[in-house]
Amino acid sequence: QVQLVESGGGLVQAGGSLRLSCAASGRGFSNYAMGWFRQALGKEREFVAAIGWNGGSTLYADSVKGRFTISRDNGKNTVYLQMNSLKPEDTAVYYCTADPSLSRVIKGTGSGSWGQGTQVTVSS
């Protein structure tokens with residue numbers, strides 16, 4: 001199991017950009033699929049994006065497709081979420097997750113590796 005720490009959140013105006021990072025420690029990062037979820041106040045956590053172990057497969061929620069890009073650097077044990085054209089409805093706590101199975105990452109039913117979250121607030 002890997003330990004995950006997110007960073008890069010903050011306050012940004014609508015239309016702006018942020019890049020989130022998720023640094024992993026522990027063995028075998030390059031064997032894990034990675035994903036980003038978010039949870040807005042009073043709402044359930046929802047899938048945002050996922051990436052396979054070698055970066056060859058990516059998947060996005062319809063609400064962020066074309067605006068967000070997930071990527072990873074296995075040499076740095078880090079996964080990124082580049083967020084462009086941000087909207088107020090993107091305001092949430094963003095979490096990263098890891099699992100050897102991409103399908104479990106997408107469903108959010110992985111092995112239990114979750115970060116503590118980073119707050120993203122988009123003002124109108």
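Here the shortest heavy-atom pairing between Asn74 and Phe29 reads OD1-CE2, 3.2 Å. Closest approach of Gly9 and Val120 over heavy atoms only: CA-CG2, 4.1 Å. The shortest non-hydrogen separation linking Ile70 to Thr58 is CG2-CG2, 3.9 Å. In terms of heavy atoms, Met34 sits closest to Leu4 at CE-CD2, 3.9 Å. Nearest approach of Ala92 to Ala40, heavy atoms of both residues: CB-N, 3.7 Å.
You'll find the side chain of Ser17 stays beyond 4.5 Å of the side chain of Met83, heavy atoms only. With contacts defined as side-chain heavy-atom distances shorter than 4.5 Å, the pair Tyr32/Trp53 does not qualify. Side-chain contact between Ser7 and Thr118 is absent, with no heavy atoms from C-beta onward closer than 4.5 Å. Here the side chains of Thr69 and Leu81 are not in contact, with every heavy-atom distance at 4.5 Å or above. Side-chain atoms of Phe68 and Val48, non-hydrogen and from C-beta on, do get closer than 4.5 Å to each other. When side chains are defined from C-beta on, Trp36 does not count as touching Thr97, because their heavy atoms never get closer than 4.5 Å.
With hydrophobic clusters built from ILVMFWY side chains whose heavy atoms lie under 4.5 angstrom apart, Leu18 shares a cluster with Tyr60.
Figure legend: cation-pi geometry between Arg38 and Tyr94 absent, as NZ or CZ is not positioned both under 6.0 Å from the six-membered ring centre and within 45° of its axis.
With hydrogens and angles disregarded, no donor-acceptor distance shorter than 3.5 Å links the side chain of Glu6 to the backbone of Leu20. Listed for the Ser113 side chain is a donor-acceptor partner under 3.5 Å among the backbone atoms of Val2. With Tyr95 contributing its side chain and Gly35 its backbone, the two residues share no donor-acceptor pair below 3.5 Å.
The neighbour count for Gln116 CD, taken as heavy atoms of other residues, nucleotides or ligands under 6.0 Å away, is above 12.
Under 3.5 Å, the side chains of Thr78 and Asp73 contain no donor-acceptor pair of N or O atoms.
The side-chain contact (heavy atoms from CB on, under 4.5 Å) search around Lys87 returns Arg67, Glu89, Asp90, not counting sequence neighbours. Partners of Gln3 by side-chain contact (heavy atoms from CB on, under 4.5 Å), not counting sequence neighbours, listed by chain and number: Ser25. For Phe37, the ring-ring contact (aromatic ring centres under 6.0 Å, His included) partners are Phe47, Trp114, not counting sequence neighbours.
The distance from atom OG of Ser21 to atom CD of Gln82, rounded to the nearest 0.5 Å, is 9.5 Å.
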Residue pair Val5, Cys22: steps toward the side chain to side chain contact (heavy atoms under 4.5 Å, CB included) verdict:
CA-CA 5 Å; Val5 178; Cys22 174; over 6 Å; no

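Here the rule is side-chain contact (heavy atoms from CB on, under 4.5 Å) with Val105, and of Asp99, Leu59, Ile51 only Asp99 fits it.
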